[in-house]
Structures are given as C-alpha cells and as structure tokens.
Amino acid sequence: MLTTFTLLLAAGVGFRLALSLALSRYSDRSLEIPQTVAILLIVLACLPAWASPLALPVPLAFVLGAVLPDLLTRRT
C-alpha cells in the first residue's frame, strides 16, 4: 500500500510532467527552475507554519516531486 508521501510525490511529478508537456506543445518552451529557487521552495515547505516568513500551502512531498527534476539534471 502506498503512503501519502509517495502519492503526493507522484502527484508532484505528474503535475510537473503535464505542465512541461503543455508548455512545449503550445508555445515551444521548456520549464526550468533555477536550482537556488528549487532549494528555497524545499526549505520553505520544510518550515513549520509558525516559523515560515510566507505561507506555502503545499506539502513537502508535492514540492519535492515538482522540483526534483531540476535538482537532478543540469541543463546548459
């Protein structure tokens, strides 16, 4: 049985894949997030609500699934 973390991670990857395909199909662009922004999003998702400087209402697993391809690959 899959855990909630795994399902949210898969949803984040699916969201990223669908957005990338839509951007490449309709406007011939690719979706790239700089590594510093990806790391910042992960840190913001890890912070508790009382310590966060701004609200990020997205779970950590979803953020990881959405930005993990940018952290694993380097595009030139």
Side-chain angles (χ1 to χ4, degrees):
M1 194 144 179
L2 296 174
T3 63
T4 305
F5 186 84
T6 308
L7 291 173
L8 283 171
L9 187 71
V13 170
F15 174 75
R16 171 68 185 257
L17 180 63
L19 190 60
S20 294
L21 287 174
L23 277 175
S24 67
R25 179 173 292 173
Y26 294 115
S27 65
D28 293 328
R29 296 182 187 209
S30 63
L31 180 63
E32 297 177 10
I33 300 172
Q35 288 185 348
T36 54
V37 174
I39 291 171
L40 180 69
L41 286 172
I42 291 172
V43 168
L44 281 174
C46 288
L47 288 175
W50 59 269
S52 182
L54 61 122
L56 185 66
V58 181
L60 174 63
F62 189 84
V63 172
L64 276 176
V67 300
L68 201 59
D70 290 317
L71 292 175
L72 295 178
T73 61
R74 177 172 292 226
R75 298 178 185 166
T76 57

By side chain to side chain contact (heavy atoms under 4.5 Å, CB included) - contacts of [X] (at least two apart):
| X | value |
| --- | --- |
| Leu41 | Val37, Val63, Val67 |
| Leu8 | Thr4, Pro59, Ala61 |
| Pro57 | none |
| Val43 | Ile39 |

Which pair of heavy atoms, one from [X] and one from [Y], lies closest together, and at what distance?
| X | Y | result |
| --- | --- | --- |
| Leu9 | Gly65 | CD1-N, 3.4 Å |
| Leu47 | Ala51 | CD1-O, 4.2 Å |
| Asp70 | Arg16 | OD2-NH1, 2.8 Å |

* Residue pairs, two or more places apart or on separate chains, that pass ring pair (Phe, Tyr, Trp, His ring centres under 6.0 Å) and touch residues 7-27 ->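 Of all non-adjacent pairs touching residues 7-27, those that pass ring pair (Phe, Tyr, Trp, His ring centres under 6.0 Å) are Phe15-Phe62.
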
* To do: Please round to the nearest 0.5 Å and tell me the distance separating atom CG of Leu56 and atom CG of Leu40.
  =>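 Reported value, rounded in 0.5 Å steps: 9.5 Å.
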
* With sequence neighbours excluded, residues passing side chain to side chain donor-acceptor pair (under 3.5 Å) with Ser24 ->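 Expected list: none.
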
* **With Thr36 via side chain to side chain donor-acceptor pair (under 3.5 Å) - residues at least two apart** =>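 Side chain to side chain donor-acceptor pair (under 3.5 Å) check on Thr36 returns nothing, list empty.
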
* Asked: Same cluster for Val58 and Val13 if Ile/Leu/Val/Met/Phe/Trp/Tyr side chains link at under 4.5 Å?
  ->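 Val58 does not cluster with Val13.
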
Any chance you could pull the hydrophobic cluster mates of [X], using side-chain heavy atoms under 4.5 angstrom and chaining through other members?
| X | result |
| --- | --- |
| Leu21 | Leu17 |
| Leu2 | Leu7 |
| Trp50 | none |
| Leu72 | Leu68 |

* Where at least one partner belongs to residues 5-15, residue pairs that pass side chain to side chain donor-acceptor pair (under 3.5 Å), sequence neighbours excluded ->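 Only Thr3-Thr6 qualify under side chain to side chain donor-acceptor pair (under 3.5 Å).
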
* Would you mind reporting whether Leu44 and Pro53 have side-chain heavy atoms less than 4.5 Å apart? =>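 Yes, at least one pair of side-chain atoms sits under 4.5 Å.
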
